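Each chain gets a letter, A, B and so on, in the order the sequences are listed, and its residues count up from 1. What you see is a predicted model; the values in this text were computed from it and never measured.
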Amino acid sequence: MTLWFVFALMTVAAIFAVLWPLGRGARAQNQGSEVVVYKDQLAEIERDLAAGLIAVPEAEAARVEISRRLLAAAGSEPVSEPKVELKSSLKWRRAAAVLALVGLPLVAIGVYMPLGSPLLRDFPLAQRERGSGSGMAQSLENLVVQVEQHLEKNPTDGRGWNVLAPVLERLGRFDDAVRAYRNSLTYNGESAERRSDLGEAITAAASGVVTAEAKAEFERAHALNADDPKANYFLGLAAEQDGRKDDAATIWRALLAKAPADAPWRALVQSSLARVGGGTMPALSDETVAASKDMNEGDRNAMIRGMVERLATRLKQNGDDVEGWLRLVRAYLVMGDRDKAVGASTDARQAVANNAERLRQLNEGLKTLGLDG
Amino acid sequence: MIAESGHYALVLALGLALIQSIVPLIGARLRDAALMNVARSTALAQLLFVGASFVALVMLHVTSDFSVANVYENSHSMKPLLYKITGVWGNHEGSMLLWVSILALFGGLVAAFGNNLPLSLRAHVLAVQAWIASAFYLFILMTSNPFLRIVNPPIEGRDLNPVLQDIGLAVHPPMLYLGYVGFSISFSFAIAALMEGRIDAAWARWVRPWTLVAWIFLTLGIAMGSYWAYYELGWGGWWFWDPVENASLMPWLAGTALLHSALVMEKRNALKVWTILLSILTFSLSLLGTFLVRSGVITSVHAFATDPTRGVFILLILCLFIGGSLSLFAGRATSLKQGGLFAPISREGALVLNNLLLTVACAVVLFGTLYPLAMEVLANFKMSVGAPFYNLTFVPLFALLLLAVPFGPMLAWKRGDLLGVTQRLLAAGVAGLVAVAIAWAWARGGSALAPIAIGLGIFVIAGAVTDIVERTGLVRLPFATALHRARGLPRSAWGTAFAHAGLGIALIGIVCETTWNSEYIATMKQNDVAHVAGYDLKLDGLFQRQGPNYREMIAEFNVSRDGQPLSVMTPSKRSFTTRGSSTTEAALLTRGASQLYVSLGDANAEGAIAVRIYHKPLVLLIWWGPVLMAFGGVLSLSDRRLRVGAPKPARAKQRLQPAE
């Protein structure tokens, strides 16, 4: 509302600037003319002469020159200017007033409305930093930007990297998170926890595949602390993705055996264990867990197959989902069905063939799964 | 609120400019004082609104309001405050807003201080100003609006081009624009005179100071830009005959000619039509410069705007104003009253020669600038016209001009005595010849023409000194009298002497720098020593440092001469993360007027770094000259006397003659 008030005030001021001279009558104007200039010049010569700036003969010569011009000027303008009666034409003045009162606002609104964004408020940095942005995501991003700016200036602040890294990971900026964890390692020193956090970020950046690089980190973490749960879990996952299901099951079983009863990651490991077929407890979400409680091995496999089939059907209808395709290929690989995996990757390539960016993502994903070419 | 108010203020300024371009003209036709006075109040209101709009944009940049696209694209929250402000005109949209703000400023000044102008002349002048303003307001609003918004503002901006993050940006563009746009006043006066069909004395009295103001700023602006390029681009070059530089040089040449012809007009009431034509040409060249730089028609260091719609729009403005004004001139010039007569050998004659040489030089530069463009358009053949062309054409013309410079101020008005002047300049000529001889003996290598050019520079300076000595009678009269006379001398005479001496000084600097500069380019490791022009530079090491929005690698050089340590030079290379680009910051060591110049190239894996070291003898004279010229301009401007160029009475002349 204040904005429109300001606009109105400005418009009134502009209109006033036009109306003001129109309202003042044809006052006797102190205006210059040729004759006036020459008279000024004559007076100037007298002043210069009195001040001794010019000599008498020079002053005389200049006076003659100016007088000559003055006569010429007065002669060539029979209606010498100061005597000219300035007319006043009321009709035209009214027209000008109307132009100002109607035309000016019309032009202003007509030009401003298509270009301006009167509904948008200002958004200076200071205001954003106070957190009056739009919602939580905005202010979290703000915080991240602030911390990043701080670290740009003080790159050796290990604590800062420690704080920033998990937040970046949660925001899905995995590559930045990897960088942050690396810096944290550099400036805070070695620890099993940080190594496995780094491995996890690398895994996340590779969309869930434990790459060789990630595996190296987990192994280092494991060497530092053999009981580090995260390192153990992911080493198991690596084994599973390599097709060594028994190794995976062994690792996870050992992990569960040592785990405290209230460890928050217990359920995850249990479901993973169930997935590789060595579990004492079923896998997947609570619902499916409940549903599959009484199932035997064959039924459970059938259920997993059913889920994979559903994913495959969905992807046939809508092939844009690169992540989905990768999950499907990975599922086939995990189930040991390499032919189907290859088939699915061919389908995936066809489905995203006309989008270069997606195709690139897909090929990279497939490469990390060991299915390139 | 600030953003939208600034935007709306700009729109209102357009509305006011439209009214200002019509109503005063109707008033002048009807001789209605009130309607004519509308020009004055609207010009002032326009200044108020454009000023508000500009201030709004500055505030948006300072507060880093990234909801404004212009701020987002050209600013960064971590940029130092100075660059946040200068970044306002470091981009196309903002610099156009600065352009119209300065235009409005000049219009406002005419409105505020034009009380002694004939009412109808003032109305005409302000109306013409409003035409120019309207065209540019429309251009800004339609094609380069700085107030466009982003609905979901990004967190961080894209930062200003790192090359522009320098104090030079704070000074160079505003100065240059004050010069370019300042010539719009003499243009408006010229058009007003053509429309009214007469030029009166008030006209001449007004045009000269305005031209002088514009000329002073343009001189400083060009010199500043040249020095900026010299230290920022890292190659030690100060003039490249780049089309963008030519674009500023052409109005300067035409403006210098205008300045001198306005002098004739003010003093002798002669050369009226020619002055009008020069006024039109000078501002046309300013517009052409704006077109060349802003349309991106030539790709060069300065052309950071490339958008065909803008180019076409400015081209339309250009055609409208240049074509319109020249047709008006062709139609009305004959009806103007011719002024006083003069003999070929006279001060007027000398100024005509000056005008002739300057306009031909300007035409040469115009040809060199536009010819490659024409070739590209017509023959689809890309070429560039560089120093060799200008050395063959521009340089001889300017040498001729410089040779004539000392004669001009010493000739009397109306009828002069060339022989007498030559006699009085004998001392200056001898000084020049001695300089040639010394330069010849001292010089090691370089062009044979260089000593001659230095002699020419000394002749110009000595000529300026002779003029002052003549006027004060320093040699003939007792010292006290001479001092008194020096004090009584019109400040414009001192201004002339300083400006002309500045030309000579700049010439000496240019010749010394181009002929005897020595360079050393190599890859250096720690503790390596470079020997350049008698200086020893030892690389002490490379360091990293963190700036506000960049990281820099600094090389530390210990400079010594004959074993005596002199100073430490620290050139650096800055890399800016946001734009992913880097700049070189040259280190300069000033010794008298000479400079040692070190700039860094790329570092290789073994910790060695490419280094360019130059020794530039008397290089600073290149910029001291223009500063002196501008100072002369200021002196001349401060001389507010109403000038009349009366011929000296015959006996006075004879009395002076035997003295030399």
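- Distance alone, capped at 3.5 Å, is enough to place a donor-acceptor pair between the B:Asp65 side chain and the A:Phe123 backbone.
- The nearest pair of heavy atoms linking B:Ile19 to A:Ala100 is CD1-CA, 4.1 Å.
- Heavy-atom minimum distance, B:Leu35 versus A:Ala96: CD2-CB, 3.7 Å.
- Under the 4.5 Å side-chain criterion, counting only non-hydrogen atoms from C-beta, A:Leu3 is in contact with B:Ser5.
- Atom CG of B:Leu12 sits about 9.0 Å away from atom CZ of A:Phe7, to the nearest 0.5 Å.
- For residues 4-26 of chain B, every residue pair satisfying the salt bridge (Lys or Arg N to Asp or Glu O under 4.0 Å) rule, not counting sequence neighbours, is listed here: B:Glu4-B:Arg149.
- Neither the backbone nor the side chain of B:Ala39 comes within less than 4.5 Å of any heavy atom in chain A.
- Proximity to chain B is limited to the side chain of A:Val6, based on heavy atoms less than 4.5 angstrom apart.
- Residue contact with chain A, scored on non-hydrogen atoms closer than 4.5 Å, involves the backbone and the side chain of B:Met1 alike.
- Here the shortest heavy-atom pairing between B:Ala34 and A:Pro21 reads CB-O, 3.6 Å.
- Judged by distance alone, with hydrogens and angles left aside, the side-chain atoms of B:Ser41 form a donor-acceptor pair with the main-chain N or O of A:Ala17 at under 3.5 Å.
- Rounding to the nearest 0.5 Å places CZ of A:Arg121 at 12.5 Å from CD1 of B:Ile2.
- When all heavy atoms of B:Gly15 and A:Val107 are compared, the closest pair comes out as CA-CG1, 4.3 Å.
- Heavy atoms of B:Leu14 lying under 4.5 Å from chain A belong exclusively to its side chain.
- To the nearest 0.5 Å, atom CG of residue B:Asn37 and atom CG of residue A:Leu22 are 9.5 Å apart.
- Annotation: side chain of B:Asp32 is not in contact with side chain of A:Trp92 (no heavy-atom distance under 4.5 Å).
- B:Val23 approaches A:Leu99 most closely through the heavy-atom pair CG2-CD2, 4.0 Å.
- Residue contact with chain A, scored on non-hydrogen atoms closer than 4.5 Å, involves the backbone and the side chain of B:Val38 alike.
- Of the atoms belonging to B:Ile150, it is backbone heavy atoms, and not side-chain ones, that fall under 4.5 Å from chain A.
- With sequence neighbours excluded, the residues that form a salt bridge (Lys or Arg N to Asp or Glu O under 4.0 Å) with B:Glu552 are B:Arg545, B:Arg574.
- Put simply, of B:Leu18, B:Thr42, B:Ile26, B:Leu10, the one with the most heavy-atom pairs under 4.5 Å next to chain A is B:Ile26.
- Two residues are said to be in side-chain contact when any heavy atoms from C-beta on lie closer than 4.5 Å; B:Tyr8 and A:Ile109 meet this criterion.
- Residue B:Leu148 comes nearest to A:Leu115 through the heavy atom pair CD2-O, 3.8 Å, listed as atom of the first residue, atom of the second, then distance.
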